[in-house]
Number of protein chains: 2
Amino acid sequence: MLQIIEGALNSKMNLKQLSEILGLSQTTVSRALNGYPEVSEGTRVRVQAAAQKHGYRPNSRAKGLATGRSMVIGHVIPSSSQHEMVNPIFGDFVAGAARKYAEYGYDLMFTNADDTSIEEAYRSLFQRGAVDGVVLQGPKVNEPRIAVLKRMGVPFIVHGRSTGVDTPYDWIDVNNKSSFLRATRFLIDLGHRRIALINGLEDMDFAQRRRAGYLEALKQAGLAADPELMRSAEMTEVYGHHESRGMLQLENPPTAILASSMISAIGVRRALDEAGLKMGRDVSVIAHDDDLSYLKNGQDVPIFTATRSSVRHAGEMAAEMLIERIKFPDDAAKSKLLEAELVVGRSTGPVPNRT
Amino acid sequence: MLQIIEGALNSKMNLKQLSEILGLSQTTVSRALNGYPEVSEGTRVRVQAAAQKHGYRPNSRAKGLATGRSMVIGHVIPSSSQHEMVNPIFGDFVAGAARKYAEYGYDLMFTNADDTSIEEAYRSLFQRGAVDGVVLQGPKVNEPRIAVLKRMGVPFIVHGRSTGVDTPYDWIDVNNKSSFLRATRFLIDLGHRRIALINGLEDMDFAQRRRAGYLEALKQAGLAADPELMRSAEMTEVYGHHESRGMLQLENPPTAILASSMISAIGVRRALDEAGLKMGRDVSVIAHDDDLSYLKNGQDVPIFTATRSSVRHAGEMAAEMLIERIKFPDDAAKSKLLEAELVVGRSTGPVPNRT
DNA sequence: CGTTGCATCCAAAGCGCTTTGAAAGTGAGT
DNA sequence: ACTCACTTTCAAAGCGCTTTGGATGCAACG
């Protein structure tokens, strides 16, 4: 008996077979399962029980063909051909989004595309009817993909924003400018005057905004920005280490460092250790913390003073906004600006007295 | 003119429309595009040009329905409901796999499932016809999902292996046992006798194998294993820190630590720093390095002595093996065992003289 | 000139579902 | 008894593709 049920659960059964077993038409069975009102409660129960028993699952391709919707959302991972870098926030963002997708009955489809073929990847995904909407990640300044997606007419949401693009579009972003403004001001208030910025790649929109916040805070405090103290590259540990190390050897080294990610902050920390400096006492460090699941910023007391904003949460919200957009394609563009939280940890302290 | 072409590129055109434009039947157009021989070279060229010009892309759902294949491969991310942890290797593994999928014309579909519904997730993915094959990640000892997938008849490959499962199945794995055996022996050769193991979760198959390698090396050297020095949990930075810290406070603390991931090794390093110990001099550390793109183990000289094996490469190979399996469902089970490379960095050194 | 064989092309069926338009059944109202 | 208004069910069309089983035309052959 168990055998039979298990066998049934493993077999692929289709509507036709199921309706024959039930002695009903495909129409009725379909309606019963999809909750249409034109079917009596009795038969509905009977149909659902049979579907359950035989492990019937509507073929999603057929369903998609018939309904014109694929119930799939596309993500494109731009795997930079040069550095082969996968953004570490990727996993958590996707996990958040996927959770919401599942909730609303959507699947998530990925495509890997190198820098040169990203547009093509989106186009293919949508025009083949493979997805109902897409997520655009890691927008640059003047991001050209936004216009492309607009023209294609595919519902989409941007994780981040793009300075210079003035057509309206949906986005969700952290307030990078205010985060870094606050972080910088916090350091200034602690007496720091030589504050370094170890930022992400310059053409990334978030990096621009963070720098803007940083510069604004300096300006408000009447401090001049020193180009020597502003670095930018892909946010790896090695890079954080390398730049810090370089700056610590300057004639007039920084007493505080702002890092655009926890990963590069770990590199900063390593450079400090190597230089025999104690983080929080000799040099203060503030990191931006995406609250990644495998890289929590300490347990009770945070390791790093940080501007924190959960990227997983952003993924969830992005998913919801996109699904809303798919449902109402003609609504006005929506956006959501998340404020990062400034958590104070052990990595910051008053500026040391120069001997 | 450009306008027209762009418009065409953005519109969704179907086979029927295209064949009408060409004055050919759908059959011929379809055959021309799919490389069948029953079509003259002249018309083939004409058809391809028209398809190109009008931006025709066959609807993948319709195609799937007709062919019975979806050209999609499924991954399930088990988002542990308790700790909400996303495996950091996830991104790189997927990037590797997705690249190969694209090469062979496959798409990649994700599903998020919590611990309790993973089986259901796989079942749904396959029986709905949404995927042609699936990848099983993070197998535990006696992994029950393997039998489930076998019974369902879905082509699959396991990233890792599962001790205790004796039915044959496809897998690709790093030789965890030999890696950790060599790493441990390396430490023993340096004179270390108190060697700690900071491992992954105990029920994970890879963790068992690593421990086996570690124990074997100790045994070969005639050393007794101390349960106090063997820890296991989810491989976060915080965990690496916490366990190291605990062990360093033991009466007879370890002089060397093996860490199951770079992330936890970073936590180990932090604990050493806090304790005022210098890594490589006071305490040696060896980490397992998945060669993640954002967490390279130094540039020229590795930071950590490590057992290295690229998880991105594993993703690529897994993809190829799975595609092969889909093509030949009845071939005998295949497997691939990758040997990790032992790279010597700055984190190891001879055992210090106890004072 | 009638066949044969081959190269091209096509009409139509079918993949598994949803949905339209209609038919059959049921009970109330006159 | 007969109509009316539902309720419940169904047959068939259609989604966009592939593929089967011809049809057509043409050159070559006897």
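Lettering of chains follows the sequences in order, A, B, ..., and the numbering in each one begins at 1.
Contact annotation for B/Gly42: no contact, since no heavy-atom pair falls under 4.0 Å across all strands. Using a 4.0 Å heavy-atom distance criterion, A/Thr43 is classed as a sugar-phosphate-only contact.
Taking side-chain N and O atoms only, A/Lys16 has no distance below 4.0 Å to OP1 or OP2 of C/dG16. For D/dT18, the OP1/OP2 oxygens have no side-chain nitrogen or oxygen of B/Tyr36 closer than 4.0 Å. Taking 4.0 angstrom as the limit, A/Ser25 places a side-chain polar atom (N or O) nearer than this to OP1 or OP2 of D/dC10. Between B/Thr28 and the phosphate of C/dC10, there is a side-chain N or O to OP1/OP2 separation shorter than 4.0 Å. Between D/dT18 and B/Asn34, a contact under 4.0 Å exists linking OP1 or OP2 to a side-chain N or O. One finds no side-chain N or O of B/Thr67 lying less than 4.0 angstrom from the OP1 or OP2 phosphate oxygen of C/dC15.
Using bins of under 30°, 30° to 60° and over 60° for the plane-to-plane angle, the ring pair A/Phe93/A/His159 lands in the parallel bin.
With rounding to whole Å, B/Leu65 atom CG is found 12 Å from C/dT18 atom P. With rounding to whole Å, B/Leu22 atom CG is found 11 Å from C/dC9 atom P.
With distances taken from any side-chain atom of B/Arg31 to the nucleotides C/dC9, D/dC10, C/dG16, the minimum falls on C/dC9.
Side-chain N/O atoms of A/Thr27 and base N/O atoms of C/dT19 include a donor-acceptor pair closer than 3.5 Å.
Between A/Asn14 and B/Val29, the residue anchored nearer the 5' end of DNA chain C, judged by the nucleotide with its closest heavy atom, is B/Val29.
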